[in-house]
Each structure stands twice: as C-alpha cells, then as structure tokens.
There are 2 protein chains.
Amino acid sequence: MSPLIESFVRHFGEMGNRWGINRTVGQMYAYIVLSEAPVNADELSAELSVSRSNVSMGLKELQSWNLVRLQHIAGDRKDYFTAPEDVWEIARTLLNERRKREIDPTLTVMRELLMDKPTDTSERYAQSRIEDMYKLIEMMTHWSDEIQRLSPKQLARMLKLGAGVSKLLS
Amino acid sequence: MSPLIESFVRHFGEMGNRWGINRTVGQMYAYIVLSEAPVNADELSAELSVSRSNVSMGLKELQSWNLVRLQHIAGDRKDYFTAPEDVWEIARTLLNERRKREIDPTLTVMRELLMDKPTDTSERYAQSRIEDMYKLIEMMTHWSDEIQRLSPKQLARMLKLGAGVSKLLS
DNA sequence: ATGCATTTTCACTAATTACTGAAATTACAG
DNA sequence: CTGTAATTTCAGTAATTAGTGAAAATGCAT
C-alpha cells in the first residue's frame, strides 16, 4: 500500500476510534473509499494485516451502516465492495445512521419523560430543561431532514451563503 | 433522586457511551444539567453511587470540555458546578469541542496529503477522493462557524425555514 | 505553622470491547 | 449431488478503558 494511502488509512482508524467506530472498521472503510476498483475481503485482510474473520465482521458492520455496496465481478466468486462515488452521499448516510443511533432514542425518552406529571419543584425544573433540549434537538433534526433533500449544487450554494442567511431572514 | 431524573440520567449515560463520552461522565453531566442548584462532588458521588475519585476525574473532564462552570458558595469550602442555562450554549460548546477533536485533526492530515505529488494512478485517485472530502468538510465547518454567530432567535427562524432556504436561493 | 476538610493522583482491579483461529456454514461450478 | 472456494460464526484470549480505595496534595481557618 502506498505511503499516502497508508497515512490516510491510519489516521482514519484513529479517528473512527474517537467516533465510536472501531479502529479496524475505520481503516477498512478508508481503504475502500480510496480504492478505485472494488475491494474484496482478502485484500483488506492482507493490506491491513487483520484476520480474515475480523474483516468479515467489519464488512458486515459497514453494510449495516449502508456505507458500502456489495457487487460481484463476473467469473469471480468473491464478494467485492465499493463506497459510493459521491462523498455527499457518504456524509448523508453517516449523518442519518448516527442520528438513528444517537439522537432518535434520546428524543423518544425525552418525549416520555415530558408526559409525566412533575411531583415536586426539582422535577418541574428538570422537565423544563428537558423540554428546552427536546425543542432544540427537534428543530435541528427537522432542519437537517429538509436540507438533505437539496441537490449537491443547491447545497454548495447554501453552504457558501453561510451566515448570509441571517441577512435573508431579516 | 426522583424517578424522572433518574431515567434521564441513566439514558444519558448510555448515550454518552455511544458518543465516546464515558457512561459515568455522561450521567454526571445529565445530573448537573437537570439540577437547578449548583452541585458538588459529594452529591454526585452519593446520588450516582460512584466513587469520589471517579467523580473528581469526571469533573475534570467536563471542565476541560467547558461544559460546566465552577462556582463557590459563600461559607462553604466545596467546589460547586452548574451547567449553562442556555441549552443552545451547551449545544454550541459540544459541537465546537467535538469538532476540535474529531474534525480539525482530520482536515490537517488531509491538507498535508494533498500537498504530496501522486506517484501513480492509485495515488492520483486517492487524492481526488481526499480532495472531495476535504472540500465538503471545509464547507460544512465554515458554514457551522457562521451559523454559530446567530442569536437564538435568528437561529430558530432559520431552522423553521428549513428547506425553504432553497427557494430563497433560486 | 497546625489541623481539618476537600480534592487529586495513582497503582490496582473490574469490565468492556476488539481480535483471532478453528470449525461450521453457505453457495456455486462441474 | 460432490467438491471446493468463500464467508460467517463463535468461543477463547488479548487489549483497552473505566472505576476504586488508599495515600498524597491542596488550601483555608485558626
């Protein structure tokens, strides 16, 4: 593996680590993203010096996150994987999956807790805090939903606009 | 601790876990956020059944993340902590801290890798992928920077607008 | 300075998470 | 079907991360 690719793969593994994605899976994904040709499990196992079984687990995880596409190559029995060519699609998938795992369950719990009648002052205060958080998170996710419908071009335009939005608003 | 508060604290601990924040620290923060009065280490230790030393570590971590304010109460030698009253401020801090830890180092690495001259086709392809990612991430962080300057009111207005932005743009 | 309350540090243990190799399963060509 | 390549599962082990208690350090009132 070329040094350039290796540095990126290494770094991505470290980062994955901080994101709750395990190091090996992070490395695997970095490798797949940077590969023009579809990649198979043996290649990952060899290039990243990771056991074949570990690669299998990792691929399963990447598939469950919808981050890779499985494809077959004619005359070859192996499974090959690629990452989407559009990085914005990758980002979108990542954001959605994280939200499903990290935000939605929290909203559900909060919604339930807000239904309870407060029994004392401390509960009343706690609920008001939870409500504030709930509203903020709900606004943000709702907004993110809508943003995702934008085409890459519209998105780029909006991002460039930046805080200019505030001018448009006023 | 009342059941309502306890459920929230428990859940937040679990979630913190998925975010790379450790469970106990997550619980501690949830407890502080829901407390109207400033909280001291002994209270946390007692309410969450966690060793006093562990609380000390956790508070240090929360302070390093700028998520709590230390304050003293007259006639009391203990350190007391509170969370900011504005939830948007908490969110902003959280986003910034995560970015500092998770995004910025990646951008630095990518920038460096993009300076290298590609030595073969695979490196050329890898660089083009890295460049795509770099541009996307840079746009998003730049945009997030500017959004953070909005007042809570402007923010609410923008969030409500949602995809309506696209109409404004065209 | 001395003594006491509080906080921090740190070596150790507990718990969790990641990884492996061997065995089992699947899936396809002949 | 049968044989073989490929993949998956899983029990065991390694590595990492979290949590504790005891001891050290800090800081303040007297």
Side-chain angles (χ1 to χ4, degrees), chain A residues 9-10 12-32 37-65 68-82 101-102, chain B residues 9-32 37-65 67-82 101-102:
Chain A
V9 165
R10 278 246 185 73
F12 218 79
E14 280 321 305
M15 278 304 154
N17 216 11
R18 300 196 192 179
W19 289 34
I21 295 161
N22 99 22
R23 188 168 38 81
T24 309
V25 175
Q27 291 185 346
M28 286 172 51
Y29 198 55
Y31 187 88
I32 295 171
V39 174
N40 65 46
D42 286 324
E43 183 178 345
L44 288 169
S45 175
E47 293 292 333
L48 304 176
S49 315
V50 164
S51 75
R52 184 61 189 66
S53 47
N54 203 1
V55 168
S56 171
M57 301 288 209
L59 284 170
K60 247 180 77 178
E61 199 168 332
L62 288 174
Q63 279 173 286
S64 82
W65 281 60
V68 291
R69 298 194 196 312
L70 169 62
Q71 60 180 220
H72 284 115
I73 287 185
D76 191 332
R77 252 160 84 178
K78 292 194 179 75
D79 289 345
Y80 284 80
F81 296 88
T82 53
R101 289 167 171 72
E102 300 175 358
Chain B
V9 165
R10 278 246 185 74
H11 176 80
F12 218 79
E14 280 320 308
M15 277 305 152
N17 216 11
R18 300 196 193 179
W19 289 37
I21 296 160
N22 99 22
R23 188 168 36 81
T24 308
V25 176
Q27 291 186 347
M28 285 173 51
Y29 197 55
Y31 187 88
I32 295 171
V39 174
N40 66 44
D42 287 325
E43 182 178 347
L44 288 169
S45 176
E47 293 292 333
L48 305 175
S49 315
V50 163
S51 74
R52 184 61 189 70
S53 48
N54 202 2
V55 168
S56 171
M57 303 287 211
L59 284 171
K60 247 179 77 176
E61 198 166 335
L62 288 174
Q63 281 173 285
S64 83
W65 280 61
L67 286 170
V68 291
R69 299 196 195 311
L70 169 62
Q71 57 180 224
H72 285 116
I73 287 185
D76 192 332
R77 254 160 82 178
K78 292 194 180 74
D79 288 344
Y80 283 81
F81 297 88
T82 52
R101 288 167 172 72
E102 299 174 359

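Residue numbers start from 1 in every chain, and the chains themselves are labelled A, B, ... in the order their sequence lines are given, proteins ahead of strands. Note that the coordinates shown come from a computational prediction; the quantities given were computed from them, not determined experimentally.
- Using a 4.0 Å heavy-atom criterion, one finds that B:Asp79 contacts the sugar-phosphate atoms exclusively.
- Atom CH2 of A:Trp19 is surrounded by 12 or fewer heavy atoms from other residues, nucleotides or ligands within 6.0 Å.
- A heavy-atom distance below 4.5 Å is found between the side chains of A:Arg101 and A:Trp65.
- Note on B:Asn22: only backbone sugar-phosphate atoms sit closer than 4.0 angstrom, heavy atoms only; bases stay farther off.
- In this structure, CH2 of A:Trp19 is placed 20 Å from P of C:dT17, rounded to the nearest angstrom.
- The CE-P distance, from A:Met28 to C:dC19, rounds to 10 Å in whole Å.
- Applying the 4.0 Å criterion to OP1 and OP2 of D:dT17, one finds that B:Arg23 has every side-chain N and O outside that range.
- As a whole-Å value, the separation of B:Glu61 CD from C:dT9 P is 13 Å.
- Across the protein-nucleic acid pair, B:Leu44 atom CG and C:dT8 atom P stand 13 Å apart, rounded to whole Å.
- Put simply, CG on B:Leu70 is 14 Å from C1' on C:dT8, counting in whole angstrom units.
- Of the candidates D:dT4, D:dT20, D:dT7, D:dT20 carries the atom nearest the B:Val50 side chain, counting heavy atoms from C-beta on.
- We find that CD1 of A:Ile73 is positioned 19 Å from P of D:dA5, with the value rounded to whole Å.
- Residue B:Met57 has its side chain nearest to C:dT9 when only D:dT8, C:dA5, C:dT9 are considered.
- In A:Arg52, the CZ atom is crowded: over 12 heavy atoms of neighbouring residues, nucleotides or ligands sit closer than 6.0 Å.
- Residues B:Val9 and B:Gln27 share a closest heavy-atom pair of O-CG, 3.5 Å.
- Each of B:Ser49 and A:Gln63 lies near DNA chain D, and the nucleotide nearest A:Gln63 is the one positioned closer to the 5' end.
- Checking D:dT7, C:dT7, D:dG19 against the side-chain heavy atoms of A:Ser56 singles out D:dT7 as nearest.
- Side-chain nitrogen and oxygen atoms of B:Lys60 include none within less than 4.0 Å of the OP1 or OP2 phosphate oxygen of C:dT7.
- Separation of atoms CD1 (A:Ile32) and CZ (A:Arg69) is listed at 12.5 Å; rounding is to 0.5 Å.
- For the atom pair B:Ser49 OG and B:Asn54 CG, the distance stands at 12.0 Å (nearest 0.5 Å).
- Considering only side-chain atoms of B:Ser51, the nucleotide from C:dT7, C:dA5, D:dG21 that sits closest is D:dG21.
- Between the P atom of D:dT17 and the CD atom of A:Glu14 lies a distance of 9 Å, rounded to the nearest Å.
- The residue A:Arg52 sits close to a base: some heavy atom pair falls under 4.0 Å.
- Atom NZ of A:Lys78 and atom P of C:dC28 are 15 Å apart (whole Å).
- Comparing atom distances between the B:Asn54 side chain and each of C:dT8, D:dG19, D:dT8 picks out D:dG19 as nearest.
- Side-chain atoms of B:Arg77 come within donor-acceptor range of the base of C:dA5, with a qualifying N/O pair under 3.5 Å.
- Positionally, the nearest nucleotide of DNA chain C for A:Gly20 lies more toward the 5' end than for the other of A:Gly20 and A:His72.
- Distances shown here put every side-chain N or O of B:Ser53 at or beyond 4.0 Å from the OP1 or OP2 atom of C:dC10.
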